[in-house]
Participant: 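One structure, as structure tokens, below. Some questions next.
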Amino acid sequence: MQVFHKIADLQNRLFDDRKKSKSVGLVPTMGALHDGHASLVKKSIEDNDITVVSVFVNPTQFNDPKDLSSYPRDLDADCKLLETIGADYVFAPSVEEMYPTPDNRHFEFPPVTTVMEGAHRPGHFNGVCQVVSRLFYIVRPDRAYFGEKDWQQIAVVKAMVKSLCLNVKIVECPIVRESDGLARSSRNVLLSDDERKTAPNIFKALKEGVEYSKTHSVKETHDYVVNKINAIDGLDVEYFEIVDGDSLQDVENWNDSDYIVGCITVYCGKKPVRLIDHIKFKS
Ligand code: AMP
């Protein structure tokens, strides 16, 4: 496995690979890697001759400076894990390398960029599109791998790819959870022991919500899940939206769509740590 910090070095290497007709998979990450990321890397290795994993904490997608400064970083541990899995190249650029000048491009793909995370984290998806488009231009992957954990991000990246006419297939990978149901996330290390014990109640309430939805309306199910979670000390729901899985538009009745997902964001603990999760109601 080779680690690149410079765009030109990675591109030279990929140029040689492409001359040999090798296919290239890209897994964009912000590091602090865990089994969730590993599942994407393994899928890319299965599908492609070369797998590039980018490790870059992208400042332009953070709307909260404290969230950016507290974001966990450990490139050495990430490289060890990636080497074990069998990734070919790690791309870990500096901020100056990725953004030699400020990125003034503005991406908006309503409605997928304006609802949920788009409404609650202004500028977040603009930053995601800035960095993901740069990574796509740098690596020119045949396929790029994204986790369903960030449900809305996949819809946004797909809208961007379509809008920029990029020739890359977006591969969606299922969410990986801890054994107690908590969605694996780089942010989980920021939870205290007590908060870590409380956090699995988010997915528990979502699962109970699916049972409850069998005999109740969308609105009743929404309120049931929100009330269940808010009743637990240390958990505070920012939003829970029951939406069409592709368009991300709210549904009012269970027969409005064949593909219905509930997306949730919950603040956990005192700092607090912002956790996201989702559950499929219909697929
Ligand atoms: P991040 O490093 O948080 O930006 O995540 C990089 C990629 O890994 C994104 O496509 C995420 O959706 C994906 N990912 C993060 N956590 C998980 C998880 N628990 N299961 C599956 N994919 C994940």
Side-chain angles (χ1 to χ4, degrees), residues 25-47 51-64 67-68 70-75 77-79 81-82 85 87 90-93 98 112 116-117 121 124-136 139 141 143-161 168-191 196 199-200 202-203 206 245 248 261 263-266 273-280:
L26 170 67
V27 183
T29 83
M30 296 205 298
L33 302 180
H34 50 68
D35 286 354
H37 299 107
S39 70
L40 274 57
V41 178
K42 285 177 191 160
K43 177 80 176 105
S44 174
I45 292 171
E46 257 172 56
D47 294 350
T51 287
V52 184
V53 181
S54 61
V55 175
F56 179 64
V57 182
N58 173 39
T60 74
Q61 72 187 68
F62 284 81
N63 56 323
D64 174 359
D67 190 21
L68 174 61
S70 67
Y71 200 85
R73 293 164 167 88
D74 190 346
L75 184 60
D78 291 343
C79 287
L81 177 70
L82 292 171
I85 302 171
V90 176
F91 178 49
M98 277 304 268
V112 292
M116 300 195 287
E117 293 291 282
R121 296 183 74 187
H124 170 65
F125 285 127
N126 191 46
V128 168
C129 289
Q130 289 177 341
V131 75
V132 173
S133 61
R134 275 167 194 254
L135 290 168
F136 285 176
V139 176
R143 300 178 191 83
Y145 295 78
F146 291 86
E148 285 185 351
K149 164 162 183 289
D150 298 278
W151 191 271
Q152 188 173 3
Q153 178 168 270
I154 294 181
V156 171
V157 169
K158 280 181 169 174
M160 182 193 76
V161 163
V168 50
K169 180 174 163 40
I170 303 303
V171 182
E172 302 168 30
C173 304
I175 189 165
V176 176
R177 298 182 178 279
E178 304 280 2
S179 54
D180 57 15
L182 177 65
R184 293 222 58 167
S185 164
S186 305
R187 287 193 166 88
N188 293 353
V189 298
L190 304 173
L191 298 168
R196 176 64 189 79
I202 301 168
F203 186 54
L206 289 174
L248 307 185
V261 182
C263 296
I264 196 161
T265 294
V266 180
V273 182
R274 191 172 185 273
L275 300 174
I276 65 171
D277 205 341
H278 71 272
I279 199 151
K280 291 178 189 168

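Throughout, numbering of the chain's residues begins at 1 and tracks the sequence. When reading the values below, keep in mind they use all heavy atoms of this one structure, side chains included, and skip hydrogens, waters and symmetry mates. None of these values were measured; they are calculated from a predicted model. Atoms within each ligand, like the ligands themselves, are counted from 1 in listed order.
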Participant: For ligand 1, which atoms, with element, lie under 4.0 Å from some heavy atom of L40?
Facilitator: 7 (C), 8 (O), 10 (O), 13 (C), 22 (N)
Participant: Report, in ascending order of atom number, the atoms of ligand 1 lying under 4.0 Å from any heavy atom of F146.
Facilitator: 10 (O)
Participant: Is the backbone of V171 close enough, under 3.5 Å, to the side chain of R143 for a donor and an acceptor to pair up by distance?
Facilitator: no
Participant: Which ligand 1 atoms does T29 reach within 4.0 Å, using its non-hydrogen atoms?
Facilitator: 2 (O), 6 (C)
Participant: Among all protein non-hydrogen atoms, which one is nearest to atom 1 (P) of ligand 1, and what is the separation to 0.1 Å?
Facilitator: H37 NE2, 3.6 Å
Participant: So, does N58 use its side chain to make a donor-acceptor pair with the main chain of G127 at under 3.5 Å?
Facilitator: yes
Participant: Only heavy atoms count here, so choose which of R187, R177, H34, Q153 is nearest to atom 16 (N) of ligand 1.
Facilitator: H34
Participant: Are any side-chain N or O atoms of E117 and backbone N or O atoms of Q152, one a donor and one an acceptor, separated by less than 3.5 Å?
Facilitator: no
Participant: Would you mind listing which atoms of ligand 1 come within a distance below 4.0 Å of any non-hydrogen atom of M30?
Facilitator: 1 (P), 2 (O), 4 (O)
Participant: Strictly below 4.0 Å, N to O, side chains only: are D47 and K169 in salt-bridge contact?
Facilitator: no
Participant: Within a distance under 4.0 Å of any heavy atom of P28, pick out the atoms of ligand 1 and give their elements.
Facilitator: 6 (C), 7 (C)
Participant: Would you compute the distance between atom CG of L248 and atom CH2 of W151 and round it to the nearest 0.5 angstrom?
Facilitator: 9.0 Å
Participant: So does A183 get a backbone contact from the side chain of N188, meaning a donor-acceptor N/O pair under 3.5 Å?
Facilitator: yes
Participant: What are the atoms of ligand 1, with element, lying closer than 4.0 Å to any heavy atom of G147?
Facilitator: 9 (C), 10 (O), 11 (C), 12 (O), 13 (C), 22 (N)
Participant: Would you say that F203 contacts E178 through its side chain, given a criterion of any heavy-atom pair below 4.5 Å between the two side chains?
Facilitator: no
Participant: Checking a contact table here: which protein heavy atom is nearest atom 12 (O) of ligand 1, and how many Å away?
Facilitator: D150 OD2, 2.6 Å
Participant: So does Q153 get a backbone contact from the side chain of D150, meaning a donor-acceptor N/O pair under 3.5 Å?
Facilitator: no
Participant: Identify, for atom 17 (C) of ligand 1, the protein heavy atom at the shortest distance, and state residue, atom and that distance.
Facilitator: K149 CD, 3.6 Å
Participant: Please verify whether a non-hydrogen atom of Y71 lies at under 4.0 Å from ligand 1.
Facilitator: yes
Participant: Check whether any side-chain N or O of N63 sits under 3.5 Å from a backbone N or O of H124 as a donor-acceptor pair, and report yes or no.
Facilitator: no
Participant: I need the nearest protein heavy-atom contact for atom 21 (C) of ligand 1: residue, atom name and distance, please.
Facilitator: P174 O, 3.5 Å
Participant: For atom 20 (N) of ligand 1, what is the closest protein heavy atom, and at what distance to 0.1 Å?
Facilitator: V176 N, 2.8 Å
Participant: Using a 4.0 Å cut-off to any heavy atom of R184, which atoms of ligand 1 qualify?
Facilitator: 16 (N), 17 (C), 18 (C), 19 (N)
